[in-house]
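Taking it in order: structure first as structure tokens, then the write-up.
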Amino acid sequence: MKNQQIAKIFSEIAELLELKGENMFRIRAYQRAAQNLDGLSKDVSGLSREELESIPGIGKDLAAKIREYLETGAIAKHEELKKEIPEGVLELLSIPGLGPKKAKMLHEKIKVKSIVELETAIRQGKLSGLPGIQKKTVDNILQGIELLKRGTERRLLGRVLPLAEDMVRRMKDGAPVGRIEVAGSIRRWKETVKDIDILTTSKKPEKVMDVFVKLPNVSRVLAHGETKSSVVTEDGIQVDLRVVEEESFGAALQYFTGSKQHNIKLREMAVRAGLKINEYGVFTEPGGKRKGGREEEDVYKALKLPYIPPELREDTGEIEAALEGKLPDLVTPDEIKGDLHVHTRWSDGSHDLGTIVEAARNKGYQYIAITDHTKGLGVAHGLDEKRLAEEMRVIDDANAKLTGFRILKGTEIDIRSDGRLDLPDSAIAALDIVVASIHSGFKQTQEQITKRILSAIRNPFVSVIAHPTGRLIGEREAYAIDMDTVLKEAAKYGVAMEINANPLRLDLNDYHIKMALGYGVPLVISTDTHVTTQFDFMAYGVSVARRGWVEKKDVLNALPVELLMKRLNACRANKAKRVKAAS
DNA sequence: GCCGTTTTCGGCCCGACTGTTTTCAGTCG
């Protein structure tokens, strides 16, 4: 798909125009178009001129530019701008606190063309005497450069969420706060986040702010105001705190949860309905009469919309669905009845069966599937045919002593680099569930990888494909997989795709999940637990599922155990029939 | 540059904090 490439060029054009000081609405038009292209599920290369222009934010001119790129591989306007403004000047915009106006001025007055050059210029004192720049501004730029060097990349939700919750706890303990909640992309459960947004109410805002900027893990205070403060923690994460009145808490929570695009669309709707929405509430316009804002629902109600859960607020069709009364009834954590991907000490897990079962029962589950690795994974003490059979006998014994809980007999079978499974069919035929996944040959071509997964899907006993892209967020790229082909095949055979709940994996991701639902592929949400505490990863898995518009009916492990077994057996029967028909 | 059941022209989401200013521009979210 060329969408992302074109989106990138559009946003670069926007930045270049900013540096030129062009009309800001024109700049916004490019930014908006870039965002919409980035989130578009259809490939633009197949679209006609009319279809292009029907994309929100794309008009005659930008449609022509998209076609220009598709035909020539470049956009003339973009190339011209790049000639005018050296590439390094763009990089100045990435310095926090330094925007287009100052970057432009620095480039024009002292010919700075990169961050390195800017640093040198500062050390040589070349910035003194420039209009609007005094010592404080110079200090801020230097600190901004430091911040940038320490890494401003997006961080794993699984790392940041616990930090955010910890800060909320400390604020509750040490400051006179009323309602307090984490907002921003954390609340939308985005897989990676840039900063932490916390929102609270208080009768003594100044006191709250004083406590906040002095929290023990704060290393720098960026802003310290009456209602808004920003700090950077020792880990280099920015945390913003806002204090609002009780009557505004809902509106503020809605506002600071975002996404930006979602909110802009709501506000545009509000303007058309003669209303004004800001972080303090919903107001009539003109007149300014308050129509609500204490609760988040007030905002949606004012626009005659049902409540839209945070995970859906990405402006990817949720507002349109809400208008039509077609919002999904999203799956919830307490609808999950069991975990279908769990390891024990038999392979690379940390606990014996008893400990794992006890932890699962404490989570309130009705069942788990034990899915230890197979022999191909030597490092994980993978099981051969004989040990797998032994493990299954142990599980049978354990089941005989359990009431109200069932251990499903399973395995996470390795899909070898040649595409064959790691154990013969005879070894896995009697299992309740077979989860297949790739652990080697990540560098293979898309054709090879896809072929391996397809052959696993067609195996008569495989019922789930685990962590289907193999990515480790921020550490390892997904392998080259033709997801479209894989999902179609999975739908055909009734094989489920896993949403791996480990915050480092989270694949399928929200985008692929939507694709899977479109093809009618069954889903499972599993934690891939190796240590009992990892059962708690389920919250991440369910949230990604929700971001992918998943309902309870789409999730196999939201079924009670009898129905789950029925589905798994039906999948096998279906495969057997297909194999017979083919022969 | 986009967009329209007020408009094909004239709007375009909205507010807080900082620093350098004597009333506001720049930046951010």
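Residue numbering restarts at 1 for every chain, and letters A, B, ... go by the order of the sequence lines.
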Pairing partner of B:dG29 (Watson-Crick or G-U wobble, both distances under 3.5 Å): B:dC14
For the [atom1] atoms, the ones on [N] and on [M], what distance do you get once it is rounded to whole angstrom?
N	M	atom1	result
B:dT6	B:dG1	P	28 Å
B:dC13	B:dC2	C1'	15 Å
B:dT8	B:dG19	C1'	43 Å
B:dT18	B:dT23	C1'	15 Å
B:dT22	B:dG4	P	42 Å
B:dC17	B:dT7	C1'	36 Å
B:dG15	B:dT5	C1'	31 Å
B:dT20	B:dC24	C1'	9 Å

Any side-chain to backbone donor/acceptor pair from A:R220 onto A:V231? Under 3.5 Å, distance only. no
Any donor-acceptor N/O pair, A:E119 side chain to A:V116 backbone, under 3.5 Å: no
Closest-nucleotide ordering on DNA chain B, the 5'-leading residue of A:K60 and A:E226: A:K60
Of A:V138 and A:S229, the one whose closest DNA chain B nucleotide lies more 5': A:S229
Can you tell me if [X] and [Y] form a side-chain donor-acceptor pair at under 3.5 Å?
X	Y	answer
A:N502	A:D528	no
A:D240	A:S230	yes
A:Q261	A:N263	no
A:Y300	A:Q254	yes
A:Y69	A:Q5	yes
A:Q124	A:K126	yes

Looking for any heavy atom pair under 4.0 Å, which part of the strands does [X] touch: base, sugar-phosphate only, or nothing?
X	value
A:I95	sugar-phosphate
A:Y255	base
A:N140	sugar-phosphate
A:S230	nothing
A:L98	sugar-phosphate

5' to 3' on DNA chain B, which nucleotides open and close the contacts with chain A (atom under 4.0 Å from a heavy atom)? B:dG1 to B:dG29
Is A:R313 close enough and on-axis enough to A:Y307, meaning under 6.0 Å and within 45°, for cation-pi? yes
Using a cut-off of strictly less than 4.0 Å between a heavy atom of the residue and any atom of DNA chain B, enumerate the qualifying residues of residues 266-274 of chain A by number. A:R267, A:E268
Residues which pass side chain to side chain donor-acceptor pair (under 3.5 Å) with A:T201, listed by chain and number, not counting sequence neighbours: A:E246
